[in-house]
Amino acid sequence: MGFLKWAVAVLSAAVSVSAAAQGFPTKPVRLIIAFTPGSSIDIVGRAVAAKLSEFWGQPVVAENRAGAGGSIGSAVVVKSAPDGYTLLANSSAHVANPSIYASLPYDTLKDFTNLAPLAGGPNVLIVGPGTGWKSFADFLAAAKANPGKLNFSSAGVGSATHFNLEKLKLMAGIEVTHVPYKGTPEAIADTIAGRVCCYLAPINAALPHVRGGRAVALAVSSAKRSILLPDVPTIAQAGVPGFDYTLWVGLWGPPGMPADVVEKINKDVNRALSSPDLAERLTNLGTLPMSMSPVEFTRFVRSEVEDTARVLKAAGIKPQ
């Protein structure tokens, strides 16, 4: 009888999980966005959240928890119940943090459920009009002539814009001083004002300032030119052969989520990203939808952690 009771309990639990996945969600879902309002992660995360709200008939409520390269928001999600009602939108900073911070309140590879990538796009090197620089060659010449004297902003230590900066320093053979900010809006504002010389900004956040003449776009980080800035060369074309970096945004949950819930969220995210209106909106923001299964995304995250560690080690960056 003891065994029968145990078997019935296990079966009932399995049925309960499946039923929960089929009915998910039955209440509002909380989406923790690990960077500031107005950042590319925020823009993409909220766009996807709005579409999921349509599908699910439940609000997906975005909440910004910025700081420490996205690790503050990540830590909130790790401690949440593994029921799918608290999710994390973070950038590729998520995979850089293990190589930047000596002590994180979680294990990046073990303490998250990898749900789905959302979208990816290039950064664009912007400067304020006051610099007088008109091209990437102008910036490169100034950086080489003044090693360590130029200040370069990022959206925070461990952010994707920080990693992009370190990769550029390594491949271009330049030394610029890193000035971390809380997020992209602040970094852009001080770049325009001339308090820092330049910023490798997410293209969707920089575009209004470039088009408005408040910032000058010198080069994009991707291997191909952006359709939004077709006249702006890539960094590889402008003087650093082989340079290529894409800022991507992903979706995670706390550890131990039921497989059925994971599959449902992944399926609905991919459905949202393939919808014409959202795909068009993301393209207009300079990003392209990304589609992977949970297994594929898990492999991708692991490979990105390893690749980021290799680049930062080569750049002489040690966890602090």
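FYI, side chains are in, hydrogens and waters are out, and symmetry mates aren't considered; it's all heavy atoms of this structure. Along the sequence shown, residues carry numbers from 1.
A side-chain donor-acceptor contact under 3.5 Å links Glu296 to the backbone of Ser293. Remark: side-chain polar atoms of Thr287 are paired, donor with acceptor, to backbone N or O of Leu282 under 3.5 angstrom. The main-chain N or O of Phe163 is never found under 3.5 Å from a side-chain atom of Tyr245 such that the two would form a donor-acceptor pair. With Asn266 contributing its side chain and Leu115 its backbone, the two residues share a donor-acceptor pair below 3.5 Å. Between the side chain of Thr36 and the backbone N or O of Ser39 there is no donor-acceptor pair closer than 3.5 Å. A donor-acceptor pair is defined here as one N or O able to donate and one able to accept, closer than 3.5 Å; such a pair exists between the side chain of Asn284 and the backbone of Glu280. Judged by distance alone, with hydrogens and angles left aside, the side-chain atoms of Asp307 form no donor-acceptor pair with the main-chain N or O of Ser303 at under 3.5 Å. Listed for the Asn151 side chain is no donor-acceptor partner under 3.5 Å among the backbone atoms of Cys197. Checking side-chain atoms of Ser53 against main-chain N and O of Pro59 turns up no donor-acceptor pair under 3.5 Å. Using a distance-only test at 3.5 Å, with no hydrogens or angles considered, no donor-acceptor pair links the side chain of Ser91 to the main chain of Ile41.
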query: After noting the C-alpha distance and the side-chain angles of Arg46 and Asp42, does the key distance pass the salt bridge (charged side-chain N to carboxylate O under 4.0 Å, His left out) rule?
result: CA-CA 6 Å; Arg46 288 178 184 273; Asp42 180 69; 2.7 Å; yes
- request: For the pair Asn114 and Thr298, evaluate side chain to side chain donor-acceptor pair (under 3.5 Å) and give the outcome as yes or no after the intermediate values.
  value: CA-CA 6 Å; Asn114 302 302; Thr298 296; 3.2 Å; yes
- request: Start with the C-alpha gap between Lys169 and Val176, add the side-chain angles, then the distance that decides, and say whether side chain to side chain contact (heavy atoms under 4.5 Å, CB included) holds.
  value: CA-CA 7 Å; Lys169 287 168 57 178; Val176 294; 3.9 Å; yes
query: Going through the checks in order, is the salt bridge (charged side-chain N to carboxylate O under 4.0 Å, His left out) test met by Asp277 and Arg281?
result: CA-CA 6 Å; Asp277 56 338; Arg281 182 178 179 188; over 6 Å; no
message: What verdict does the side chain to side chain contact (heavy atoms under 4.5 Å, CB included) test give for Val61 and Leu31, after you've listed the backbone C-alpha separation in whole Å, the side-chain angles of each residue and the deciding distance to 0.1 Å?
response: CA-CA 6 Å; Val61 182; Leu31 177 64; over 6 Å; no
Residues Asn90, Ser74; criterion side chain to side chain donor-acceptor pair (under 3.5 Å); working and verdict: CA-CA 8 Å; Asn90 202 346; Ser74 299; 3.1 Å; yes
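In this structure, Arg30 forms no cation-pi arrangement with Tyr85, as its terminal cationic atom is not both closer than 6.0 Å to the ring centre and no more than 45° off the ring axis.
Between Pro230 and Ile227, the shortest heavy-atom contact is CD-O, 3.5 Å. Nearest heavy atoms, Thr86 versus Val77: O-CG1, 4.1 Å.
Leu140 is not connected to Val232 by any chain of hydrophobic side-chain contacts under 4.5 Å among Ile, Leu, Val, Met, Phe, Trp and Tyr, and they are in different clusters. At a threshold of 4.5 Å between side-chain heavy atoms, the hydrophobic network of Ile, Leu, Val, Met, Phe, Trp and Tyr places Leu288 and Leu285 in two separate groups. Ile32 is not connected to Val29 by any chain of hydrophobic side-chain contacts under 4.5 Å among Ile, Leu, Val, Met, Phe, Trp and Tyr, and they are in different clusters. Val305 is connected to Ile100 through a chain of hydrophobic side-chain contacts under 4.5 Å among Ile, Leu, Val, Met, Phe, Trp and Tyr, so both are in one cluster. By the criterion of side-chain heavy atoms lying less than 4.5 angstrom apart, applied directly or through intervening Ile, Leu, Val, Met, Phe, Trp or Tyr residues, Leu125 is grouped together with Leu170 in one hydrophobic cluster.
Between His94 atom NE2 and Ser71 atom OG the span is 10.5 Å, to the nearest 0.5 Å. Taking OH of Tyr181 as the reference point, atom CZ of Arg195 lies at 7.0 Å (rounded to 0.5 Å). Between the OG atom in Ser222 and the CG atom in Asp244 there is a gap of 7.0 Å [rounded to 0.5 Å]. Atoms OG and CG, on Ser275 and Asn270 in that order, are 11.0 Å from each other to the nearest 0.5 Å. Of the inter-residue distances, the one linking Trp252 atom CH2 with Thr113 atom OG1 reads 12.0 Å to the nearest 0.5 angstrom. Distance OG/Ser40 to CG/Leu247: 4.5 Å, rounded to 0.5 Å.
A salt bridge links Lys264 with Asp268: the distance from a Lys NZ or Arg NE/NH1/NH2 to an Asp or Glu carboxylate oxygen falls below 4.0 Å. For the pair Arg65 and Glu63, the salt-bridge criterion is met [side-chain N within less than 4.0 Å of a carboxylate O].
The aromatic rings of Phe136 and Phe139 sit tilted, their planes meeting at an angle between 30° and 60°. The aromatic rings of Phe112 and Tyr106 stand perpendicular to each other, their planes meeting at an angle above 60°, with 30° marking the opposite boundary.
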